[in-house]
Amino acid sequence: MNYNGYCLHSGFLGREGQEKLLLRIRDLLQDAPLYTPQMPRTGKPMSVRMSNCGTLGWVSDKQGYRYQEYHPENRIPWPAIPQILLDIWAGLAGYSAPPEACLINYYDAKARLGLHVDKDEIDMKAPIVSISLGDTALFRMGGTGRRDPTRSVRIISGDVMIMAGPARRCYHGVDRIYPGTSSLLAEGGRFNLTLRRVSTP
Ligand code: MD3
Ligand code: FE
C-alpha cells in the first residue's frame with residue numbers, strides 16, 4: 001500500500017524481530033520511564049503515555065509542545081536510539097541523515113490519540129517512520145485539512161509505516177486499541193515508535 005507518500009509495510013518485523021526490539025525498548029525505559037504528557041494550556045492529561053530516545057525527544061506540557069534533550073521528569077538526557085531502529089530507518093526512510101528523535105507512545109486498552117498534524121519538526125521534508133508492537137490499533141488518516149475525508153487502517157504488531165512527501169502533512173490519529181489481539185506485551189496494550197528528523201541536515 002502506497003499513496004501520496006504513505007506506505008504500510010505489513011508484517012515487516014516477524015515475531016523474533018519484535019521480541020528483540022521490545023527488549024531494547026524495555027531496557028531504555030528503565031532510564032527514561034513512560035510519563036503522562038499534558039495538553040498545552042489546559043494541562044489535561046493525555047491517555048497515551050510517552051517517552052523518547054535520541055538526541056531530542058518530543059514532550060508536551062502546559063507550556064506547549066516542543067523537542068528537548070532531556071526527560072521532563074528526571075531531567076536526564078534521553079538514551080540513544082537502538083541500532084535496530086537506526087537500521088530500519090536506513091533501510092526504509094530513503095533519507096541520508098539519521099533520525100534525531102524516537103517518540104515512544106504506549107497505549108493501554110483505553111488510550112486514544114486525536115486527529116493531529118506533526119509539525120514541530122523544522123525538517124518537514126524528512127519522512128517519519130513508525131513501528132508498532134503489541135495490540136492491534138485502528139489508525140485513521142485524513143488529508144491536509146482537518147475536515148478532509150479520512151480512511152481507517154488496522155495496524156498490527158510488527159507493521160512499519162512510512163509517512164513521506166504529502167502524507168507527512170496529513171491529519172492522523174489512533175481511534176482505538178483492540179485489547180488481547182497480541183501476546184507480545186505481557187501487560188497488554190501497544191507501543192508505537194516514531195523515528196523523526198527534527199533539524200535540517
Ligand atoms: C501520518 N502516533 O506520535 S504513528 C504520533 O500510532 C502519532 O502512535 C501514532 O501520530 C501512533 O505523532 C501514529 C504513524 C504516523 C506518525 C506520523 C505521521 C502517521 C503519520 C505524520 C504524518 C502523517
Ligand atoms: Fe502524529
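Remember, it's a predicted structure, so these values are computed and weren't measured experimentally.
With rounding to the nearest 0.5 Å, the separation of CD in Glu73 from CG in Leu34 is 10.0 Å. Considering CZ of Arg112 and CG of Leu138, their distance stands at 10.0 Å, rounded to 0.5 Å. The distance from atom CD of Glu100 to atom CG of Leu195, rounded to the nearest 0.5 Å, is 11.5 Å. In this structure, Thr200 OG1 and Glu121 CD are separated by 12.5 Å, a value rounded to the nearest 0.5 Å.
Between the side chains of Asn192 and Ser132, at least one donor-acceptor pair of N or O atoms lies under 3.5 Å. Donor-acceptor pairing under 3.5 Å is recorded for the side chains of Asp118 and His172. Side chain to side chain, Asn52 and Tyr70 fail the donor-acceptor criterion of an N or O pair below 3.5 Å. A donor-acceptor pair shorter than 3.5 Å can be found between the side chains of Arg196 and Tyr67. The closest side-chain donor-acceptor pair between Ser183 and Arg15 falls under 3.5 angstrom. Using modelled atom types, one finds a donor on one side chain and an acceptor on the other under 3.5 Å when comparing Ser157 with Gln18.
Although no hydrogens or angles enter the test, the distance criterion places a donor-acceptor pair under 3.5 Å between the side chain of Thr181 and the main chain of Thr136. Between the side chain of Ser51 and the main chain of Ile104, no donor-acceptor pair closer than 3.5 Å is present. Within the 3.5 Å criterion, the main-chain N or O of Gly145 finds a donor-acceptor partner in the side chain of Asp148. Between the side chain of Trp89 and the backbone N or O of Ala97 there is at least one donor-acceptor pair closer than 3.5 Å. Within the 3.5 Å criterion, the main-chain N or O of Asn74 finds a donor-acceptor partner in the side chain of His71. At least one donor-acceptor pair under 3.5 Å links the side chain of Arg197 to the backbone N or O of Pro98.
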What's the verdict on side-chain hydrogen bond (donor to acceptor under 3.5 Å, both in side chains) for Gln38 and Ser60, showing C-alpha distance, side-chain angles and the deciding distance?
CA-CA 6 Å; Gln38 298 173 312; Ser60 180; over 6 Å; no

After noting the C-alpha distance and the side-chain angles of Leu193 and Ile25, does the key distance pass the side chain to side chain contact (heavy atoms under 4.5 Å, CB included) rule?
CA-CA 9 Å; Leu193 316 171; Ile25 299 304; 4.0 Å; yes

Should Arg154 and Tyr178 be marked as a side-chain hydrogen bond (donor to acceptor under 3.5 Å, both in side chains) after you check the CA-CA gap, both sets of side-chain angles, and the distance that decides it?
CA-CA 10 Å; Arg154 275 180 180 70; Tyr178 297 93; 3.1 Å; yes

Could you go through the salt bridge (charged side-chain N to carboxylate O under 4.0 Å, His left out) check for Lys20 and Glu16 one step at a time?
CA-CA 6 Å; Lys20 228 175 121 187; Glu16 254 186 72; over 6 Å; no

Decide yes or no on salt bridge (charged side-chain N to carboxylate O under 4.0 Å, His left out) for Arg140 and Asp175, but give the supporting numbers first.
CA-CA 7 Å; Arg140 188 143 60 105; Asp175 288 335; 2.8 Å; yes

With salt bridge (charged side-chain N to carboxylate O under 4.0 Å, His left out) as the criterion, how do Glu187 and Arg49 come out once you've worked through the C-alpha distance, each side chain's angles and the decisive distance to 0.1 Å?
CA-CA 14 Å; Glu187 71 276 38; Arg49 293 163 69 215; over 6 Å; no

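Taking the centre of each ring, Tyr171 and His116 stay at or above the 6.0 Å mark.
Counting non-hydrogen atoms of other residues, nucleotides and ligands closer than 6.0 Å to CD of Glu69 gives a total of 12 or fewer.
The shortest heavy-atom contact between Cys53 and Trp78 is CA-CB, 4.1 Å.
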